Each structure stands twice: as structure tokens, then as C-alpha cells.
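The structure presented is a predicted model; accordingly, all values stated were derived computationally and were not measured. Throughout, protein chains are lettered first and strands after them, A, B, ... in sequence-line order, and every chain is numbered starting at 1. We use all heavy atoms of the structure for the numbers below, so side chains are in, but hydrogens, waters and symmetry mates are not.
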There are 2 protein chains.
Amino acid sequence: MTPEEARAQFPVLERFAYLNAGTNGPLARTTVEAVVEQNERDLVEGRSGMDYFHGMLDLREDVRAGIAAVIGVEPTSVALTDSTTRGCALVLAGLGLGDQDEVVTTDQEHFGLTGPLYATGARVVIVDAEEDAIVNAVTPRTRLIATSHVLWTTGRKLDLHRVREDAGVPVLVDGAQSAGAIPPDVGALDFYTVSAQKWLCGPESTGALYVADPERLRVKSPSYMSQDSYETSGQFVPKEGTKRFDSGWIPVPSLRGLEAALATHPEWRYERAAAMAARCAELLSARVDIVTPPGHSTLVSFRPNGDPAELVESLHAQGVVVRELPGRNLVRASCGWWTNEDDLQRLAAGV
Amino acid sequence: MTPEEARAQFPVLERFAYLNAGTNGPLARTTVEAVVEQNERDLVEGRSGMDYFHGMLDLREDVRAGIAAVIGVEPTSVALTDSTTRGCALVLAGLGLGDQDEVVTTDQEHFGLTGPLYATGARVVIVDAEEDAIVNAVTPRTRLIATSHVLWTTGRKLDLHRVREDAGVPVLVDGAQSAGAIPPDVGALDFYTVSAQKWLCGPESTGALYVADPERLRVKSPSYMSQDSYETSGQFVPKEGTKRFDSGWIPVPSLRGLEAALATHPEWRYERAAAMAARCAELLSARVDIVTPPGHSTLVSFRPNGDPAELVESLHAQGVVVRELPGRNLVRASCGWWTNEDDLQRLAAGV
């Protein structure tokens, strides 16, 4: 697949310099076709019967294997979820965190992580988003380090393997801005979330959670998909491996769409996305203050000269789609393997 | 809208005697058109920008108001969820149930209720699915009664208002087989779940949770949709009313589809569905043992003469869609306002 062929899968790119995969990725024509086809099937055939049900289960396994391949882990270590928020909540509940515990996080996290964290009642220790600061904040009461692989604000990538090794406590990774964007690197990390609607270009409300050792995490929010068998009391035999954390039904059209989306990714995805992010920073650096360190991620966050919200709106009017980071005086461009020079030139011209 | 017009909205009814809304309702052509239209919009316009985001928020409120109208409550008392399972989990976590507590439930509940219940660690007291048995099981340690308005197995309707009044403890209602199927009757009940993909004929993974008094339930699994504002620590100001329990992003195509589905329901929905269920029982009663008490619900559960799974399969081959209730030796037909005499005759002929 050439870069032109890869890009041609996404109709939105014909109209916009679409640089916001950090919120929602562009949709490929084949992805929407798969969604529509399933909807039309369900319209005339109904959403019932053994073929329907077993087809749905098979699709879940296809999608699980596809996401596992993206992050370089075994499918048996992957639960299907609807979001990174859900993945974080599953881990926090499963660890049974309470007000006797401490969790270390950074000041650059998304509410999808910090909201569930705060709600546990644990003492949340907030440090600068920097490896040493995280490690140094760990105490004997620290049950978990919870942070992002790539920070959604600054685009900085943290060396979480060093953090994991030096701190010696479990690490929950918000992978929303890394899974599918940068080369997979789960390694010895304990929990890793995937938002499939972003860098994997999947339908909304699709995602996953990697759990290294499912036996050490309790199933606190079981769904029908969590169990192999159950009693009248609700007592259940959990599914083998991390599947037990599957967070619920995923619409069959969404499974079909995600399956199609996973087939759109070229082999050279990471090199190209990194190159485009580097080029983006290069083009913008003459005009604005770039916050993202070079070579860290596919995000390029910058401090605009004027009001960020106004700039985002003015860019949108010129067909350039980026986003503001509220309260941080930053604008963020997301560069994917589908991004081309023209997109970046249009952005630079508008800034 | 005449019964013929109402029925003509659902293409699946041209091919099948589709009698399984208790699993997934039939889809209307307008519902799928709305889903497809949004997907095609997102394909070319992208899933980003203020118009997109505010449009999504507006759609959520439309759908919230629509579901609130179905169950006869105020929209401010309704949270949008993806399932009854999620609704139950939200309530159980929000009450902070633990191993010092007792919950009373029945032996006829779905895993979507009993699974989350078991996972709390509370003592689960299981009684016959009958009002007096429930009330008599309540002790000073009972924190909650958790049961269905209409039992998914037998189709029996429980008088939960009597239970609530006599027991004097909060009641969590699994409304999966009642919301949209029988006239709304939330009254003094505390928590009530809605599965919108069943009797409301909505897209998969849509639903709601009614909470009478949101101030008395903690937000233990906040989503981005739960908060009005938040701090770096994750501390947040919850949304006004029950909206704070919104369980996460709902795909915009699903919101569009559900909005369309809510517009398909005729005013005479409940009378017609009840009449069809009565007629179904009448036709079947000459051949099999009907388990569902007359006048209780839109489900007709019966004990077949042979193997239930074989009967369901044989009916399916004849174009009649019903389901087996595993482990209970029952087959269940779901009668909606879209059901007609011919559907029921085909079922009766096949049994």
C-alpha cells in the first residue's frame, strides 16, 4: 500500500486537513461500509438466532486478536471495552483501591483516568509528568502508578518501563494516545488501555484493556461476557484469561466496523506517522512555541500567539481540524500515517 | 398510525414471525436510515469540531427526554447508559455495598443483575420470585431489594410498589422486560433500568437508568459525561441530577438511531402488545403448558413437549423467531405492538 493509497481510504481527507485523531480518528470507507452492511443485515434478518449470536462471538475474537496484534500482546491478555475510561475503572475496581491506599499520577492526565481515580477514595498523589518525579513519589502505601504512555496534553512520551522497574509497583497505562500511534511497547507494564476510535480509526465506543495477570485482578463489574457459567446467585466461573474483563455487549455493526478498520493500517504506519509529526513540528516551529519534545509521539502541541479557541475555530473555517486543550493554552495537532505534506502546509499557513 | 402502518416500519416482519424483542427488538427502517446517515456524515465530515460535539450533546438530551417520557419520569432523573447491566452496576457501586450488607433478590433474575450483585461481596439472599417472599426476607441488614419488574424467565410481573411500601428499603428494578413493553409505573421505586435495544427497538448498547434521588448515590465510575468541571486531581463537580451517572460516550449514530426508534412507537403500544400476548397464550395453551400468568406482561413463556433448544431451532427454520431459556426448560415468545395474528398463528402451527 502506497501512502497515497493508504490516504485514499479516508474521504474526510479530501475535504479537510483532518488532524484530530487524538479525539476521533478518520473513518475509512470500508469501515463505514462494514457498519452499514451489518445494519442492513440486522434490519431484514433481525438481531437474533444462533447464527447471529455465534457470529457476534466470532467477531469479538477477531477484533480481540486484531487489537492484541496492534499492541504486541497475546489475545488472551486482552479484554474488549468501550473506552479507556472503562478500562481504567475496571482496573481500579479490580484492585479494590480504597482510602487506605495511595496512587501516583501526573498533572497531565485525562479525566478518563483521573475521574475514576478520584472516585476510588484513594489518596491521589499528583506529580510532574516526568519519570523521576513519579518514581520518587512512590511510598510503601502506593498500590498503583496510573499515567499515560503519551500525554494527551503535551504529547510527551514517558519511559514507563524505567518507571515500572525503578518503582516496583503495578503501572496502569492510559494508552489512548499511544496504541496504534507509536510502536507497541507493553513489555512488563501491568495494565494498558486502548481507545480504538482514535488511532485505530474504529467506530466510537470501542476499545480494549490489556491485563498482564488476570488472576490478580478481581472481576468487580462482570458483564454477561465475563462468565463461562453462573449460578442463580450470580456466582460465576470467569472466562479464561483477560476476557473475563470484557465490559459488555459491543454492537455487532461496531465489531464489523472495527474489524474493517484494523485492516486499513499499512505496515509502515509508525514510521510515517512519526515522520509527519516531525515535519509538522518543523513547519510550525517558525511561528509558534512547540511544547511536544521531538521524537516523542504523533501529537504536536503548541502554544499559539493568540487565543487557542479562536485559532481552532479560524483553522476549522479554513478546513484544518485540530483541537484546543482547555485551560492549558495549547492547541494540538494529531498526525497519522494518513497525513500528508499538504495537510501540514495548510495548518502552518493558518497558524 | 394504524397497526398495519406501525408494523410496516419493520422489514424483518416481512420475512419472519419475529417474536424475540425480549432479546433485541426489531429495527425500523427509519432507525437504520438515521444510523447510516450519521455514519455517512462522519465519513466525509469527520468526528470532530464544535458543531459535532454540541450536536452530540443535544442528541443526548433528546434521547434522555424520549426515554424519560417512555417510563413517565422527568429527564433530570435519567442517566444514559449502555445496558441494564451497567445500570445495575452503577447503583450497586454507588451504594457502596460490601460484605456487611444484605441484598434480597429472586431466583428468576438475569445475570446482568445477579452478576454485579454477587461481585459486590454483599450477602445475596435469594427467594422465590413472589412479593411476600421478597418482603419477608428483609432484615435490618438489608440495604437493597434488587429484582425485575417483569421476570425475563416466566414473564411474571411483580407488584414492586407493594414490595417497596411493605419492605421500606430501596428497590433496584431490572426494567429490561418492562420499559417500553408495559405501561410505565416507576412511582416510588428508587432505581429503574431501561434496555433500549429491546422493547424500544433502539440500536444495541443503548439504555438508561432512572435514579429517584441522585444525591443519595455516589458517583463511583465517573465518565467524562458525569462532570460539569474537574480539577487536575480528578475531583469533579457532578452534573445536576441523575445525568451525573451517564455511563460514557454513546456513539452519535446510535443516538440518532435511538431518536428515530423512539419516534416509531404508536400511542396504543401497550394495549396492542398486551392483546397480542393474550392472544399468543390463548393459541398456545391448547398445545403446551403456559408459564406466564395472564395479563402480566408481553412475554409468553411455555414448557414445550420436547427439547426447548430443538423446538427453537425448528421454529427458526420455519421463520418463527423465539428463544430458549437455558436451564429452565422453557421457550419464550415476545409479543410487541408490531406483532400480528399471522405471526402468532405461525408460532402456534410450529409448536
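No other option in Arg29(B), Glu45(B), Gln227(B) has as many heavy-atom pairs under 4.5 Å with chain A as Glu45(B). Heavy-atom pairs under 4.5 Å with chain A peak, among Arg323(B), Glu313(B), Gln197(B), Arg218(B), at Gln197(B). For the set Cys88(A), Gly112(A), Ser221(A), Ser223(A), the count of heavy-atom pairs under 4.5 angstrom toward chain B peaks at Ser223(A). Between chain B and the options Pro222(A), Gly46(A), Ser83(A), heavy-atom pairs under 4.5 Å are most frequent for Pro222(A). Here Ser247(A) is the residue among Ser254(A), Gly257(A), Ser247(A) with the most heavy-atom pairs under 4.5 Å with chain B. Across Val252(B), Val312(B), Thr106(B), the residue that shares the most heavy-atom pairs under 4.5 angstrom with chain A is Val252(B). The residue among Pro26(B), Ser233(B), Ala89(B), Gly327(B) with the most heavy atom pairs within less than 4.5 Å of chain A is Ser233(B). Counting heavy-atom pairs closer than 4.5 Å to chain A, the top residue among Thr85(B), Leu113(B), Ile126(B), Val125(B) is Ile126(B).
Residue Ala28(B) touches chain A through its backbone alone, counting heavy-atom pairs closer than 4.5 Å. Contact of Arg47(B) with chain A is made through backbone and side chain together, with heavy-atom distances under 4.5 Å. Heavy atoms of Val219(B) lying under 4.5 Å from chain A belong exclusively to its backbone. Residue contact with chain A, scored on non-hydrogen atoms closer than 4.5 Å, involves the backbone and the side chain of Asp107(B) alike. For Phe236(B), the parts lying near chain A are the backbone and the side chain together; criterion is any non-hydrogen pair under 4.5 Å.
Annotation: salt bridge (Lys or Arg N to Asp or Glu O under 4.0 Å) contacts involving residues 80-95 of chain A, sequence neighbours excluded, comprise Asp82(A)-Arg86(A). Identified under the salt bridge (Lys or Arg N to Asp or Glu O under 4.0 Å) test for residues 223-239 of chain B, with sequence neighbours left out: none.
Atom CD of Gln38(A) is separated from atom CD of Glu204(B) by 7.5 Å, given to the nearest 0.5 angstrom. The distance from atom NE2 of His316(B) to atom CE of Met50(A), rounded to the nearest 0.5 Å, is 10.0 Å. Distance check, rounded to the nearest 0.5 Å: OH of Tyr52(B) to CG of Asn24(A) gives 5.0 Å.
Across Asn39(B), Asp42(B), Leu43(B), a single residue satisfies side-chain contact (heavy atoms from CB on, under 4.5 Å) together with Val35(A), and that is Asn39(B).
Contacts with chain B (heavy atom to heavy atom, under 4.5 Å) involve these residues of residues 115-124 of chain A, listed by number: Gly115(A), Pro116(A), Tyr118(A), Ala119(A), Thr120(A), Val124(A).
Taking Glu40(B) as the reference, nothing meets the salt bridge (Lys or Arg N to Asp or Glu O under 4.0 Å) condition, with sequence neighbours excluded.
Relative orientation of the Tyr224(A) and Phe111(B) rings is perpendicular, given thresholds of 30° and 60° on the angle between their planes.
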